[in-house]
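The structure under discussion appears below in the form of structure tokens.
First the proteins, then the strands, lettered A, B, ... as listed; each starts at 1.
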Amino acid sequence: MASDDNLRNFDLSPTEAVALQKRLAPLVEQRPLPAPPRTVAGFDLSTRDSARAAAVVVDTGTLETVDEAVAELPLRFPYVPGLLSFREAPAVLAAYEALSVKPDVLMLDGQGLAHPRRFGIACHVGLILGVPSLGAAKSPLIGKGTVPGLEKGELAEIVHKGEVVGVALRTRPRTKPIYVSAGHLITLPEATDLVLRLSPRYRIPEPTRRAHQLAGRR
DNA sequence: GCGACAG
DNA sequence: ATCTTGTCGC
């Protein structure tokens with residue numbers, strides 16, 4: 001149908017991409033997960049001439065990797081802050097399709113609602129797939145001055161235009177925080193809890209760490 | 001108008 | 001993201 005064609009359209013100019021974000025942002029929903037998630041898939045990619053995306057599905061209870069996949073696609077959009085999904089989402093979606101085990105939640109390396117137009121890559125991918133998603137970024141796009149306490153688990157809300165759009169979360173003591181925000185079909189508290197539980201030892205949550213390793217460089 | 005700016 | 005070895009600190 002026509003709506004599906006719109007959602008999957010990445011053949012746009014930066015100006016058109018911004019317009020599309022404004023049109024799709026209202027469709028993103030923040031709501032509780034239907035049930036406690038058993039699996040979370042982390043996505044990451046390495047880029048050169050083409051983009052190599054990797055997806056790793058992790059069991060939230062044991063932290064074991066239960067499935068993984070990679071996909072390679074040519075890069076067709078430049079890196080523009082605020083428009084990351086138009087560059088990375090095609091490869092991420094291909095990696096998702098290649099998975100045998102479909103995850104309960106998607107963890108993207110970037111922002112969700114903590115975005116100037118409330119439409120970071122986690123919102124975009126989650127909306128396209130209709131699957132709960134969250135953004136766990138290594139640096140902020142908005143909310144730069146938000147600093148949480150130094151102990152693991154401490155957080156500080158990222159407020160933008162009067163709204164709490166995410167949190168800066170300390171996943172490791174005295175180490176730079178991870179910026180968490182809801183993508184689609186999940187709440188911020190749920191996203192924050194998941195990221196923390198999936199970061200038992202390192203700053204970067206396990207799903208993302210493993211996907212980063214798998215995407216590797218060539 | 002001048003900076004800032006996920007990966 | 002990518003270019004790149006050793007090194008300081010918990």
For A:F77 and C:dA1, give me the distance from atom CZ to atom C1', rounded to whole Å. 16 Å
Let me check something: do A:I142 and A:L169 share a hydrophobic cluster, defined by ILVMFWY side-chain heavy atoms less than 4.5 Å apart, either directly or through other members? no
Is A:R76 close enough and on-axis enough to A:F10, meaning under 6.0 Å and within 45°, for cation-pi? no
Distance check needed: B:dC5 P versus A:H160 NE2, whole Å only. 14 Å
Rounded to whole Å, the CG-C1' distance (A:L83 to B:dA6) equals 11 Å
Do the charged groups of A:E29 and A:R31 touch, with an N to O distance under 4.0 Å? yes
Given salt bridge (Lys or Arg N to Asp or Glu O under 4.0 Å), test A:K138 with A:D109 step by step and report yes or no. CA-CA 8 Å; A:K138 298 182 293 301; A:D109 62 321; 5.0 Å; no
Report yes or no: is the cationic atom of A:K144 (NZ for Lys, CZ for Arg) closer than 6.0 Å to the six-membered ring centre of A:Y179, at no more than 45° off its axis? no
Think A:Y179 has a side-chain N or O under 4.0 angstrom from the OP1 or OP2 of B:dA6? no
Reckon A:I121 touches a base, only the sugar-phosphate, or nothing at all at heavy-atom distances under 4.0 Å? base
For B:dA4 and A:K144 - does any side-chain N or O of the residue sit under 4.0 Å from the phosphate oxygens OP1/OP2? no
Side-chain atoms of A:R174 come closest, of C:dC10, B:dC5, C:dA1, to C:dC10
At under 4.0 Å, does any side-chain N or O of A:S139 touch on OP1 or OP2 of B:dC5? no
Look at all strands and tell whether A:G82 reaches a base, only sugar-phosphate, or nothing, counting heavy atoms closer than 4.0 Å. base
Review item, nucleotides 3-9 of chain C N/O atoms under 3.5 Å of protein N/O:
{"from": "C:dC3", "atom 1": "OP1", "to": "A:R48", "atom 2": "NH2", "distance (Å)": "2.7"}

For A:P173, does its backbone N or O pair with a side-chain atom of A:T175 as donor and acceptor, under 3.5 Å? yes
For A:L108 and B:dA6, what is the distance between atoms CG and P respectively, to the nearest whole Å? 16 Å
Whole-Å distance between C:dC10 P and A:E151 CD? 13 Å
Between A:Y79 and B:dG7, do the rings stack, that is, sit under 5.5 Å apart with planes less than 30° off each other? yes
In terms of side-chain heavy atoms, does A:S50 have a donor or acceptor partner in A:E72 at a distance below 3.5 Å? yes
Considering every strand and a 4.0 Å limit on heavy-atom distances, what is the contact class for A:P140: base, sugar-phosphate, or nothing? sugar-phosphate
For the pair made of CD in A:E88 and P in B:dA6, what is the distance, rounded to whole Å? 12 Å
A:I178 CD1 - B:dA6 P separation (whole Å): 14 Å
Between P of B:dA6 and CG of A:L113, the distance in whole Å: 18 Å
